[in-house]
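Each chain gets a letter, A, B and so on, in the order the sequences are listed, and its residues count up from 1.
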Amino acid sequence: MNFEKAFGSMLRVRRVEEAIADRYAEQQMRCPVHLSIGQEAVAVGVCAALRKEDGVFSNHRAHAHYLAKGGDLKAMLAEIYGRENGCCRGVGGSMHMVDLAAGFLGAVPIVGATVPLAVGAAWAAKLRGENRVIAVFFGDGTFEEGVVHESINFAALHRLPILFVCENNLYACYSRIDDRQPDRPIHGVAAAQGCRTFTADGNDVQAVFDVSREAVAGLRSGQGPAFIECATYRWREHCGPNLDDNLGYRPQGELARWESVCPVERAAAFLRAMPDGAALIESAEKQIAAEIADAFAFALEGPLPNSADLPGYLYA
Amino acid sequence: MNFEKAFGSMLRVRRVEEAIADRYAEQQMRCPVHLSIGQEAVAVGVCAALRKEDGVFSNHRAHAHYLAKGGDLKAMLAEIYGRENGCCRGVGGSMHMVDLAAGFLGAVPIVGATVPLAVGAAWAAKLRGENRVIAVFFGDGTFEEGVVHESINFAALHRLPILFVCENNLYACYSRIDDRQPDRPIHGVAAAQGCRTFTADGNDVQAVFDVSREAVAGLRSGQGPAFIECATYRWREHCGPNLDDNLGYRPQGELARWESVCPVERAAAFLRAMPDGAALIESAEKQIAAEIADAFAFALEGPLPNSADLPGYLYA
Amino acid sequence: MRDDKKRHITQADAIREALAQALQEDERVIVVGEGVPDPKGVFGTTAGLQQQFGPSRVFDSPLSENGMTGICIGAAISGMRPVMVHQRIDFALLAMDQIVNNAAKWRYMFAGQVNVPLVIMVIVGRGWGPGPQHAQSLQAFFGHIPGLKVVMPTSGYDAKGMLLAAIRDDNPVIFIQHRWLHGIEDLVPEPPYTVPLDRAAICRSGKDATLVAFSYMVVEALLAAEALSQYGIDIEVIDARSVRPLDMPTIIESVRRTGTLVVADTAWKTGGIAGEVIAAVAETAFDALRRPPVRIALPDYPVPTSPYLVKDYYPDALYLARHIAAHLGREVPDAELAERLFRSTPCDVPQKDFRGPF
Amino acid sequence: MRDDKKRHITQADAIREALAQALQEDERVIVVGEGVPDPKGVFGTTAGLQQQFGPSRVFDSPLSENGMTGICIGAAISGMRPVMVHQRIDFALLAMDQIVNNAAKWRYMFAGQVNVPLVIMVIVGRGWGPGPQHAQSLQAFFGHIPGLKVVMPTSGYDAKGMLLAAIRDDNPVIFIQHRWLHGIEDLVPEPPYTVPLDRAAICRSGKDATLVAFSYMVVEALLAAEALSQYGIDIEVIDARSVRPLDMPTIIESVRRTGTLVVADTAWKTGGIAGEVIAAVAETAFDALRRPPVRIALPDYPVPTSPYLVKDYYPDALYLARHIAAHLGREVPDAELAERLFRSTPCDVPQKDFRGPF
Ligand SMILES: Cc1ncc(C[n+]2csc(CCOP(=O)(O)OP(=O)(O)O)c2C)c(N)n1
Ligand SMILES: Cc1ncc(C[n+]2csc(CCOP(=O)(O)OP(=O)(O)O)c2C)c(N)n1
Ligand SMILES: [Mg+2]
Ligand SMILES: [Mg+2]
């Protein structure tokens with residue numbers, strides 16, 4: 001992994017999402033947004049282990065995955081702004097995104113819905129003899145959906161080149177994992193189902209990358225599905241731009257503990273310890289700020305979509 | 001366990017199902033029947049560890065469970081014959097059966113459909129403070145349904161008094177387990193999901209009872225859900241009265257091997273080695289033959305149901 | 001009863017009150033769902049219930065819609081009276097097997113030996129870009145299934161009374177809320193009361209046309225009727241309230257008086273419940289119809305996310321008024337009508353111009 | 001084309017042939033389902049395909065309906081053309097989420113960037129006691145969903161041609177078979193051919209009434225029409241063939257000629273597709289109707305298992321003939337009609353008196 005690149009990628013996700021959060025109150029982004037702030041290392045670490053032609057599926061919390069896989073930032077923001085130049089021409093918004101050129105194969109908000117799709121894409125890759133790996137991101141809560149288990153079973157049966165990535169951020173909306181699952185590790189279930197399993201500190205991009213690389217190498221050599229459970233934490237509210245610790249659903253101090261192991265800052269600290277590190281960070285910040293400003297302008301200037309086009313999207 | 005009683009119960013199931021098979025060609029039982037011939041020890045061993053007030057749920061292959069739990073034989077046959085005196089007044093037939101008085105809480109043919117119901121019944125028992133255990137029988141194929149995993153998760157989360165009984169007979173219809181699941185034990189998945197798990201030779205009624213007793217004791221003392229995987233084998237065709245080895249979907253000799261470990265004959269051999277064993281078996285055979293003759297007469301003489309009653313069954 | 005208290009509360013509060021009263025009056029009642037005990041309390045409809053009734057009556061749920069539905073059916077046939085909550089009706093698609101195959105049929109399959117006293121509360125979403133997977137209006141699915149009762153109350157008064165009736169009912173009831181009704185205030189008496197699960201309500205009498213509306217469309221229908229009344233067009237607005245069974249006697253009696261049937265639904269037009277209303281009237285009261293019946297419903301594609309696309313998607317009061325006037329062959333000054341029915345709020349937030357009570 | 005071969009084969013064989021030809025002509029086609037490669041081959045419709053095309057084209061499936069549907073969607077958007085098979089339509093209830101939320105919407109959500117060339121074959125069961133959970137006729141569910149195409153061919157000729165058309169189509173198609181049509185022989189040409197997915201067919205012309213029938217009900221409709229013709233009652237029978245889209249132009253053109261509309265469906269009456277046909281005609285061709293439209297469909301409760309109960313459940317040719325004659329106000333000697341339409345087979349095995357071809 002190119003550590004600087006990974007850092008840059010995380011920083012970019014962070015700054016993009018912060019910018020979304022900052023501007024959300026303007027009420028020009030009129031769709032639900034689920035921010036990944038605090039969870040950037042998972043998306044970036046996993047995608048760093050993938051090739052461009054590999055595919056990624058995601059869920060309601062898609063921005064980080066989309067960007068880490070190389071999705072077009074301008075098209076993403078324009079989509080969130082509901083414009084014709086958005087990646088789905090305004091049909092999708094933040095919760096339904098795609099960038100086929102980047103191998104970002106789709107995100108939709110029904111939890112668990114993309115997990116079997118990813119398995120199907122991996123199946124197609126195998127049937128077509130393509131040397132292609134598919135990764136799918138989902139949360140701890142999503143692991144409770146039966147369809148995830150059906151998907152894992154099929155993937156293990158057919159030894160498909162699929163990487164299941166569980167972002168265990170301890171919560172599904174406001175529900176803590178202990179209110180939804182018994183006390184046993186998620187990855188243990190996947191192991192019992194026949195996956196090669198890995199765990200990683202989801203706030204350490206290098207750690208995520210390391211297990212991903214190993215997992216993906218196994219996939220390319222036909223060893224059957226792999227499952228990575230990453231421990232991480234969402235800083236903001238489940239849906240929307242705000243902090244919500246005031247609501248009291250998380251134990252006191254929990255957020256602060258996780259903020260103290262910020263994935264972006266952790267990587268930055270590592271870089272700062274290197275010669276030129278500080279300069280590098282500064283230049284990344286600048287470049288990203290410029291790119292973001294550009295992208296928001298692109299989105300805000302985007303033409304409005306036309307309702308008359310909608311029926312044509314329905315059938316081929 | 002009263003071994004003689006368990007033997008008698010198995011023999012009864014066997015003879016009832018043989019009688020159904022024998023008479024099926026008369027075309028008076030005009031509904032699909034899924035026979036348990038060869039699998040009797042699972043139903044009998046598990047139910048021997050249950051009390052009358054405990055509940056059982058079953059599936060398409062329900063006769064053995066129904067009878068082992070104490071369901072009314074006459075009402076069962078009358079149901080299969082589509083009569084008004086059947087346990088569901090002819091609405092259900094072989095695939096939809098219930099005997100509330102016996103704690104046989106329901107069987108329906110959508111695979112997996114009763115598994116969450118059983119968990120819900122166990123949940124109710126816990127919420128109501130009843131000292132009641134619920135058992136649910138399902139096949140190896142059914143373990144592939146996502147709803148089973150959702151059910152296990154909830155049962156483990158709430159530590160419910162439920163016994164999951166997987167009758168692994170290696171097939172779902174004509175599909176062998178290796179064409180449907182990866183090579184890993186089913187009970188291993190349940191263990192990883194937080195169940196106390198057990199395995200048993202499903203053709204050895206004593207072995208099934210022994211693990212069931214242990215499992216049920218744990219349930220009564222609040223240790224949370226238990227899962228028993230029983231290895232067994234179906235002798236006849238998936239659905240219907242016939243042998244179907246000629247179809248060639250099972251490896252040569254497999255059926256013969258399993259027939260050689262017939263659960264009923266095994267128990268009979270054990271009894272025969274005891275003083276009076278042979279006489280006991282003979283008398284059981286006689287008594288069961290008489291009971292079966294009676295029950296078929298009851299069914300065949302049963303009044304015909306009345307279509308006009310149907311709408312009234314729909315809503316309370 | 002309706003006026004005995006003069007207490008105006010929002011529909012969200014009315015629903016919350018009904019749940020609290022049901023929990024209070026019958027210890028077999030439990031409430032379970034994803035997010036039920038959380039700080040937002042399913043748009044306020046379940047707020048505080050867990051604090052009030054404890055964690056053994058009010059439960060959060062794993063994300064397992066089919067399994068949890070089956071679990072609640074299992075509890076219902078074992079002496080409990082579960083109320084399940086889905087934040088969006090879309091999620092209930094995952095539970096169609098348990099709803100259709102078990103909940104609706106359990107009593108029937110066993111010839112009436114077991115009841116399934118289960119309420120499934122679902123919410124039809126709308127607004128602020130929920131998009132294709134989070135804003136469907138799937139009442140037609142449930143309305144097709146024998147063994148289910150399906151209601152879609154509009155007023156806060158009805159929401160409370162029908163929810164209490166649903167919970168006391170011994171059958172599975174699908175209780176469909178509309179997100180845009182939650183904030184509307186209505187006169188809601190505090191003591192528990194019930195409203196029948198099978199009766200439409202005439203919310204406004206009229207002689208020129210019968211406008212049968214479902215759920216939130218009643219709001220738009222009332223606005224349209226009010227505007228048309230300025231031009232001497234007299235619309236009878238019927239709040240269908242129930243989807244299964246449809247209250248055909250009330251609807252037909254009205255059509256016999258007006259000769260004209262318009263049905264306004266929150267769902268896609270083709271294959272929706274609006275068509276069922278029209279088919280049932282055409283079959284059994286054909287002679288009463290003086291002109292073709294009309295459906296006003298969603299276009300046959302999913303809702304997009306962008307507000308610039310949504311603005312043309314949902315038929316509103318103006319759309320209704322224009323179409324009804326044209327259908328009746330009555331001239332109405334269009335610009336004036338448009339001004340009257342000018343919607344001051346953007347298309348993706350609730351209609352401000354109707355504030356309740358009903 | 002229809003007659004070019006004079007080859008009579010059963011519908012099951014016609015379907016099998018279509019699958020084989022699709023597998024032959026396009027290597028992206030795969031066939032997958034519970035029991036697809038098994039010795040019974042889904043009532044013969046998939047028999048021998050795995051032997052012929054190998055285990056990397058023709059697959060058995062775990063019992064995981066929702067997962068497998070999603071997996072097939074995933075394969076479909078990744079360059080394959082999967083054909084999924086469910087032995088009974090009832091099992092598809094477990095997959096409603098993937099069918100409705102993903103298959104139907106994937107192309108739309110992404111503004112047309114990705115197609116979902118997927119065929120889901122389902123079978124409407126009937127006969128020999130399948131009972132409440134194994135013999136539903138759920139076409140109305142699929143018919144309500146924008147983004148799906150839904151067909152229900154009746155003849156073997158159409159079954160083959162529409163299946164080939166469905167597999168070649170770039171959209172998700174629900175292909176609904178009826179168990180009681182599998183055994184009927186029809187003239188089916190051997191070379192591959194297609195039949196459009198959106199056209200009804202007039203199977204018998206007549207001037208007194210338009211009888212639109214779905215799937216197996218076409219068989220009963222044709223028998224009824226034949227019997228009524230003996231009394232000078234001239235019924236036009238339309239095989240709807242497609243559920244979504246309904247071919248309303250063909251239906252309306254016929255109703256304009258006959259003035260009378262009867263719709264016969266295999267499903268429950270309330271909320272079914274028969275109501276949609278009536279609503280669409282009433283809305284758009286009201287003036288053509290000279291009398292009330294009529295639905296003939298299943299009573300609003302699930303099918304029981306006992307043959308003694310089933311015998312009164314399904315409307316058959318005699319029921320249709322009696323009702324249509326009465327509706328037209330035409331006297332027909334009832335005993336004679338009953339004799340003409342006497343059903344020599346029990347109620348739970350297919351009608352012997354119609355042997356095809358269509
Ligand atoms: C089938 C379904 N049920 C419920 C929801 C509502 N919902 C949206 S996100 C979410 C929580 C998901 O939790 P998790 O999988 O842990 O992902 P996270 O939000 O923590 O990233 C829920 C319940 C949904 N979108 N789909
Ligand atoms: C949801 C669903 N899918 C498919 C079927 C068809 N079916 C009936 S029994 C059966 C096999 C079940 O296998 P298993 O669970 O191993 O039980 P067994 O028959 O071996 O006892 C199948 C696929 C069904 N009834 N329900
Ligand atoms: Mg989470
Ligand atoms: Mg099995």
Side-chain angles (χ1 to χ4, degrees), chain C residues 65-66 90-91 93-102 104-105 108-109 111 131-133 136 138 140-147 243-246 261 263 267-268 270-287 289 291-295 299-302 304-305, chain D residues 65-66 90-91 93-102 104-105 108-109 111 131-133 136 138 140-147 243-246 261 263 267-268 270-287 289 291-295 299-302 304-305:
Chain C
E65 289 78 7
N66 203 36
D90 313 68
F91 308 158
L93 283 170
L94 281 151
M96 285 314 283
D97 171 56
Q98 284 294 336
I99 295 172
V100 173
N101 282 327
N102 279 350
K105 299 185 174 61
Y108 178 83
M109 293 188 287
Q133 290 190 335
Q136 293 167 88
L138 299 167
F141 276 25
F142 304 109
H144 187 39
I145 301 302
V243 171
R244 187 177 187 100
L246 286 166
L261 173 63
V263 187
W268 294 305
T270 299
I273 198 74
E276 175 61 31
V277 174
I278 286 176
V281 170
E283 259 188 311
T284 59
F286 186 70
D287 57 316
L289 290 168
R291 46 177 70 79
V294 175
R295 284 184 276 195
D300 280 318
Y301 46 86
T305 301
Chain D
E65 288 79 5
N66 204 36
D90 313 68
F91 308 158
L93 282 170
L94 281 151
M96 285 314 283
D97 170 56
Q98 284 293 336
I99 296 172
V100 173
N101 282 328
N102 278 350
K105 299 187 175 59
Y108 178 83
M109 292 187 288
Q133 290 189 337
Q136 294 166 87
L138 299 168
F141 276 26
F142 304 109
H144 188 39
I145 301 302
V243 171
R244 189 178 186 98
L246 287 166
L261 173 63
V263 187
W268 294 305
T270 300
I273 198 74
E276 174 61 31
V277 174
I278 287 177
V281 170
E283 260 190 309
T284 58
F286 185 69
D287 58 316
L289 289 167
R291 46 179 69 78
V294 176
R295 283 184 278 194
D300 280 318
Y301 46 86
T305 300

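Chain C forms more heavy-atom pairs under 4.5 Å with one residue of D:Thr305, D:Leu94, D:Leu138 than with any other, namely D:Leu94. Counting heavy-atom pairs closer than 4.5 Å to chain C, the top-ranked of the candidates D:Val281, D:Asp287, D:Leu289, D:Asn66 is D:Leu289. Of the listed residues (C:Ala279, C:Gly147, C:Ala280, C:Gly271), the one with the most heavy-atom contacts under 4.5 Å to chain D is C:Gly271. The candidate from C:Pro132, C:Gly143, C:Gly275, C:Ala285 with the greatest count of non-hydrogen atom pairs under 4.5 Å with chain D is C:Pro132. Heavy-atom pairs under 4.5 Å with chain D peak, among C:Val294, C:Asn101, C:Val243, at C:Asn101. Of the residues considered (C:Gln98, C:Lys105, C:Met96), C:Lys105 shows the highest number of contacts with chain D, using heavy-atom pairs under 4.5 Å. Heavy-atom pairs under 4.5 Å with chain D were tallied for C:Pro299, C:Ala140, C:Pro292; the largest tally goes to C:Pro292.
A tilted orientation is assigned to the rings of D:Phe286 and C:Phe286, their planes being inclined by 30° to 60°.
Counting only N and O atoms by type, the side chains of D:Gln136 and D:Asp90 include a donor and acceptor under 3.5 Å apart.
Counting heavy atoms from C-beta outward, D:Phe141 and D:Val100 have side chains that stay 4.5 Å or more apart.
The two residues C:Leu246 and C:Glu276 make their nearest non-hydrogen contact at CD1-CG, 3.5 Å. Nearest heavy-atom pair across C:Pro293 and D:Ala282 is CD-O, 3.5 Å. Between C:Glu283 and D:Ile278, the shortest heavy-atom distance links the atoms CG-CD1, 4.5 Å. Minimum heavy-atom separation, D:Arg244 to D:Pro146: NH2-CA, 3.4 Å.
Using a 4.5 Å cut-off between heavy atoms, C:Tyr108 touches chain D through its side chain atoms alone. Neither the backbone nor the side chain of C:Ile273 comes within contact range of chain D, judged by heavy atoms closer than 4.5 Å. Looking at C:Pro304, the atoms closer than 4.5 Å to chain D (heavy atoms on both sides) sit in the backbone and in the side chain alike.
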